[in-house]
2 protein chains.
Amino acid sequence: MIAPLSPVHLGPGAAVLAFDVGGTDTKATLVDTSGALLDTVRVPTPLSVDGTGDAVLAQVEALAARFRAAHPTIDIRAAGLIVPGLVDDESGIGVFSENIGWKNVPFRDLASERLGVPVYFTHDVRAAGAAEYTLGSAGQYSNVLVVVIGTGIASAIFVDGRPYSAHGYAGEIGHAVVDPGGVLCACGGHGCLEAIGSAGAISRLYRAGLGTADPVDNAIGAREVLERAQAGDLRAQKVWSDATDAIGLALAQSVALLAPEAIVIGGGLAQAGDALFGPVEKRMNSFLTFHRRPVLLPATVGENAGLVGAALGARRILTAEPTTEPTTAS
Amino acid sequence: MIAPLSPVHLGPGAAVLAFDVGGTDTKATLVDTSGALLDTVRVPTPLSVDGTGDAVLAQVEALAARFRAAHPTIDIRAAGLIVPGLVDDESGIGVFSENIGWKNVPFRDLASERLGVPVYFTHDVRAAGAAEYTLGSAGQYSNVLVVVIGTGIASAIFVDGRPYSAHGYAGEIGHAVVDPGGVLCACGGHGCLEAIGSAGAISRLYRAGLGTADPVDNAIGAREVLERAQAGDLRAQKVWSDATDAIGLALAQSVALLAPEAIVIGGGLAQAGDALFGPVEKRMNSFLTFHRRPVLLPATVGENAGLVGAALGARRILTAEPTTEPTTAS
């Protein structure tokens with residue numbers, strides 16, 4: 001397991017709010033002018049029953065009011081808002097979230113109206129990737145892939161130093177097929193990387209192999225599967241090696257196409273450290289011949305990488321304000 | 001089969017030379033101020049026995065002298081030079097060519113010295129891709145993948161309207177693994193797309209299935225394999241469908257990661273038209289769920305796309321000359 005992370009610090013700049021709307025919980029923080037995450041809270045995310053995202057926006061507004069009341073002397077200049085699903089950074093629209101239930105919500109502009117400050121808006125994994133790229137160990141490279149492996153798998157791509165989103169569709173390495181005709185994925189496809197290599201898949205595939213005899217086993221997560229594998233459980237070893245094989249293959253395919261100098265791996269599964277990075281790197285390299293071998297790096301910003309990326313984006317639109325589109329920095 | 005192409009025309013601009021150094025032949029042309037390919041020649045490429053690329057450079061110089069002697073009234077202002085292998089556009093260096101035999105040759109600067117004009121230098125497939133992107137049907141899109149399928153398979157990537165090369169390593173879709181542990185590839189890997197889906201592989205895999213009984217069969221190319229498949233030859237059908245399946249899978253993987261709006265397919269195999277595009281598109285789409293589906297387009301610039309891309313690049317460095325790096329436009 002890798003060492004605990006030191007608290008993240010963004011450095012001096014404007015005070016901003018950051019909101020990370022997740023499928024289960026929403027995290028929010030106030031970043032002060034020193035760059036510290038001064039006050040971080042976590043609340044359940046409300047479902048958007050009518051597809052308008054209004055419940056989410058109302059919650060963001062209430063959280064902002066709470067931060068302002070608690071810190072009346074701090075001049076909050078901007079906010080960063082990140083959400084899951086399909087997100088069009090350029091237009092500021094949350095195109096689709098199956099989990100939370102919205103469709104085509106112009107989050108950036110609506111949040112800016114409600115909060116009274118300019119809002120930076122992007123996808124949660126792209127924000128986390130930007131935090132890693134800006135503050136983490138991959139900042140020295142121009143071409144970087146940041147892969148976040150948790151319940152699902154997604155990535156943020158940096159091309160010649162710039163984030164690449166393709167209207168929100170890029171970086172879906174979790175839904176690149178590594179096993180044609182393989183196990184069903186939540187997206188409706190078969191044999192996607194996410195259906196084999198994510199923490200969710202590791203837990204699910206291991207439990208499926210156990211049958212239904214022991215209801216206690218329903219709580220077995222990827223961490224427990226790894227612990228059982230290390231203790232000699234052959235079924236757990238198979239699930240874990242299938243997962244690392246799939247991740248290594250998908251990374252090798254990305255290397256052939258994009259040739260990143262560095263690949264950063266974050267998300268819950270990255271906490272497995274060498275037990276993940278060792279077999280993934282070995283498998284990836286087994287497919288590479290003349291290709292440029294990337295360095296594999298663990299994410300260093302930690303569990304608040306999304307919030308940090310949102311806050312960095314909020315600060316960036318303030319410094320970019322003299323341009324024609326003050327709220328569309330990307 | 002698709003319709004014959006009309007002659008390519010670059011439009012008005014400076015008169016430039018273009019050289020496309022291939023593994024077998026070198027093509028060269030003089031583009032006049034109207035943008036026509038005025039005088040196109042093809043000569044065998046000399047091997048670089050000492051790794052210096054001198055034989056290639058001497059041939060380029062001799063061809064330039066021939067063009068100048070034949071067209072004494074034309075003011076040749078720049079040249080474009082493209083080569084296969086691993087090419088670092090930024091530094092102007094031909095890093096490696098296994099076929100022709102050079103290593104780390106600063107082609108751009110050496111060619112510029114020999115020719116007495118600024119030289120644009122890049123990889124052959126990136127040049128062909130740029131020609132397709134500039135003059136072909138994909139120019140309306142920002143994010144485009146141009147895949148060239150011939151003896152080998154490579155691609156040129158356009159990200160937010162700009163070519164992406166990653167010091168020459170990007171776009172190697174031919175050496176992305178689509179069948180882990182599969183058939184040996186020329187690169188030393190196993191199950192690379194190129195080892196299954198290229199015209200070379202189609203011919204080779206079909207002939208391997210025939211055994212050695214009939215030496216006449218050694219001349220069977222991908223076109224003949226397709227003709228035999230269409231005439232009911234089951235083995236030819238299997239080789240062809242394995243190839244289109246592999247191409248469709250690799251394209252779907254590229255779509256998950258890069259989400260191009262359009263994928264242009266060129267090279268010799270694209271001459272198969274619907275027999276290629278039909279099954280490839282069907283297979284690609286079978287792997288896509290929420291992903292953005294790209295349009296598949298046949299290349300339209302034709303067999304001289306590399307030369308055209310080289311000439312376009314040569315013209316571009318002339319218009320970019322006021323900048324600090326007159327010979328490094330990319």
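Values reported hereafter were calculated over all heavy atoms of this structure, with side chains retained and with hydrogens, waters and symmetry mates removed. By convention in this document, chain letters (A, B, ...) are assigned in the order of the sequence lines, proteins followed by strands, and residues within each chain are numbered from 1.
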> With side chains defined as the heavy atoms from C-beta onward, is the minimum distance between B:His190 and A:Phe287 less than 4.5 Å?
Replying inline: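 A side-chain contact is absent here, since even the closest heavy-atom pair is not under 4.5 Å.
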>> Side chains of A:Arg162 and B:Arg162, heavy atoms from C-beta outward: is any pair under 4.5 Å?
In response: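 Side-chain contact under 4.5 Å: yes.
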Could you measure the distance from the [atom1] atom of [X] to the [atom2] atom of [Y]? Nearest 0.5 Å is fine.
| X | Y | atom1 | atom2 | answer |
| --- | --- | --- | --- | --- |
| B:Arg292 | A:Leu86 | CZ | CG | 9.5 Å |
| B:Thr289 | A:Glu172 | OG1 | CD | 9.0 Å |
| B:Gln253 | A:Ser254 | CD | OG | 9.0 Å |

> Do A:Tyr169 and B:His291 have their ring centres less than 6.0 Å from each other?
Replying inline: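 Not under 6.0 Å, so no.
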> Of all of B:Gly188, B:Ser165, B:Gly171, which one pairs up most often with chain A through heavy atoms under 4.5 Å apart?
Replying inline: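 Max contact count across the listed options: B:Gly171.
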>> So which residue, B:Val177, B:Leu145, B:Asp160, B:Ile173, ends up with the most heavy-atom pairs under 4.5 Å with chain A?
In response: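 Max contact count across the listed options: B:Val177.
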> Which of the residues A:Gly168, A:Ser155, A:Cys187 is involved in the greatest number of heavy-atom pairs with chain B at under 4.5 angstrom?
Replying inline: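 Option with the greatest count: A:Cys187.
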>> Quick check on B:Leu257 against chain A: is it the side chain, the backbone, both or neither that has a heavy atom closer than 4.5 Å?
In response: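 Both parts, backbone and side chain.
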>> Which atoms of B:Ile157 are under 4.5 Å from chain A, going by heavy atoms: the side chain, the backbone, both sets, or neither?
In response: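 The side chain, not the backbone.
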> Do A:Tyr164 side-chain atoms and B:Val159 backbone N/O form a donor-acceptor pair below 3.5 Å?
Replying inline: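 Not at all, since once roles are kept as given, no pair shorter than 3.5 Å links the two residues.
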> So which heavy atom on A:Ala259 is nearest to which on B:Ala170, and how close?
Replying inline: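 For A:Ala259 and B:Ala170, the tightest heavy-atom pair comes out as CB-N, 3.9 Å.
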